[in-house]
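Each ligand, and each atom within it, is numbered from 1 in the order the structure gives.
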Amino acid sequence: MLRALSTAFVVLSTLSLSAAAGAQTQGSRRTVAFEGARLIIGDGSAPIESGVLVVQDGRITAVGPKGNVTIPGGATHVNVTGRTIMPALVNAHVHIGYEGYTSWSAKNYTPQNVLDHLRREVYYGVAATQSVGSSPTDASIAFVRDQQAGKFPVASRFFFMPGMAPPNGGPDAILIKGTKELNTVYEVSTGADARAAVQGMAAKNIKQVKIWVDDRRGTYPKMTPEVYNAIIEEAHKHGMLVNAHAIQMADQKAVIRAGADVLVHTVQNEPIDDELMALLRDKKPYWTTVIGLGDRSEACDHDPFVDATYPEKALEDIRAKDCAPPPATAANRERILAANLPKYVANGARLVLGTDAGIDARHAFGWADHHEIARWVRSGISPMDAIVAATSRPATLLGIQDLGSLAVGKSADFLLLTANPLDDIRNTRRIDKVYIKGAALDRDKMAAEFRGEKN
Ligand SMILES: [Zn+2]
């Protein structure tokens, strides 16, 4: 199966060589000065209210307040007064490849579909996207190589990590159908197996690994401390980071104590306690909340921002089965999240954007990023902290040097917004243009492609 997938990737690469001309590899070669916009840098510093951003050959070459920036002669001047520019987003947690919008299965897992998901992410302003634990390793390595070689049309940069679980453990009910069929999760039952698997990943230059630790309220085999301690120790020996799936407070404490680098999921059934907060202060793990998947789908709301990229049939299906009013338990969950989120952050959890998109069309690639960011703010995170957690911090986590902030030398990947997200975080949706390597995407054409419309 893996061999077949790799072959398919090679075929796609060859076919798309001519079609891929443009933005991903070259970007814009002109020098462009964007003048007058509010610049949100992405590192948490105060915004520049009337700024200048100079882009040359797809890179940022100057940034600062108007009057402080020398614009090179011959530059194209673009007046963006009244607009806001912020860095493109980075999503550290999705499940790419299986979603088909009108179907969901391992059969959908083709390089074309991986590319489709990455193009949906970039359409919504996400410049890099990491698939966590569910991607076939060798096919993914081939895809990354081909994308870096410029063989695909413009898309979010693809990152992935393998997953590890006890035999017959791993992802939740839906995702596991795909990972089982493609045999993507490394199933390990002893410390020695675990170390050997991690060594194999390190040999392939893989930088992160995902582990499923908890037993989903008794329905899954639980990863033993012997195994996760071995994984974490071996991974750290090779400079790899460990992402740990744990939804219950006791499991979160256990994996943080064991040294997991990235905490996946949020305790949302009880208030977090002093012991967990002390562990957060001590270890300061990165933290992908992936809360949105548990929310009512925004596809129920008839919001053009969300609907623009769905095939009509997919919207009809979601609205037929997933748009009941929120259950009575939703208010309680909301209260706990509003209490817990600021506590996680205040105690040192390093919040990073992740959405879990790809498991179900009701919570899909791209718009789900904006959903997650807005719901953080609804639960007490400031808009500025939310933007940092969606830009520079996940870029650091993924080891991406040239994304995440508006700074000299970075790739010119940014959102041009018609309203200020520091006033209302939902303004991250007011996208006029998305620039990747200094070139604006043709978003209308892309949306038509996602809806399945022929030109
Ligand atoms: Zn996930």
Side-chain angles (χ1 to χ4, degrees), residues 89-99 104-106 108-109 114 117-118 120-121 126 128-137 140 156 158-166 169-182 184-187 206 208-217 219-220 222-223 228 231 241-248 251-252 255 260-268 285-295 297 349 351-369 371-373 375-376 389-390 394 397-398:
L89 310 176
V90 174
N91 184 332
H93 193 116
V94 299
H95 298 285
I96 272 183
Y98 302 95
E99 182 59 66
W104 193 99
S105 80
N108 291 340
Y109 202 104
V114 171
H117 296 166
L118 295 167
R120 289 168 184 271
E121 288 284 349
V126 185
T129 305
Q130 179 167 253
S131 193
V132 175
S134 52
S135 297
T137 299
S140 299
S156 195
F158 182 54
F159 288 76
F160 81 100
M161 73 183 74
M164 299 177 77
D172 288 350
I174 303 171
L175 186 56
I176 200 167
K177 287 183 195 153
T179 58
K180 268 280 174 201
E181 197 172 329
L182 296 189
T184 58
V185 174
Y186 292 68
E187 297 189 352
I206 286 167
Q208 298 202 39
V209 62
K210 157 91 175 266
I211 56 176
W212 281 273
V213 172
D214 66 282
D215 65 359
R216 268 47 68 85
R217 298 181 180 87
T219 61
Y220 270 65
K222 191 160 184 158
M223 184 176 273
Y228 64 69
I231 292 171
L241 301 179
V242 178
N243 292 239
H245 171 114
I247 56 174
Q248 301 292 324
D251 292 322
Q252 288 210 343
V255 297
D261 305 278
V262 185
L263 198 55
V264 182
H265 289 295
T266 308
V267 173
Q268 46 191 332
Y286 284 98
W287 177 43
T288 52
T289 49
V290 291
I291 298 167
L293 196 62
D295 293 339
S297 174
L351 184 64
V352 285
L353 178 62
T355 59
D356 250 346
I359 291 173
D360 194 303
R362 74 184 148 80
H363 189 67
F365 296 105
W367 70 257
D369 301 68
H371 176 91
E372 192 79 11
I373 294 166
R375 86 106 58 235
W376 287 339
L397 171 62
L398 270 62

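Listed by chain and residue number, D295, E334 satisfy the salt bridge (charged side-chain N to carboxylate O under 4.0 Å, His left out) test with R375 (two or more places apart in sequence, or in another chain).
Formation of a donor-acceptor pair under 3.5 Å by the Q252 side chain with backbone atoms of A246 is found in this model. Here the side chain of T179 pairs no donor or acceptor atom with the backbone of V185 at under 3.5 angstrom.
Of all protein atoms, those of element N, O or S that lie under 2.8 Å from the Zn ion (ligand 1) number 3.
Atom-to-atom distance recorded for F158:CZ and T129:OG1 is 9.0 Å, nearest 0.5 angstrom.
Between H93 and M161, the closest side-chain pair of non-hydrogen atoms is not below 4.5 Å.
In summary, D214 and R216 engage in a salt bridge, as defined by a charged side-chain N under 4.0 Å from a carboxylate O.
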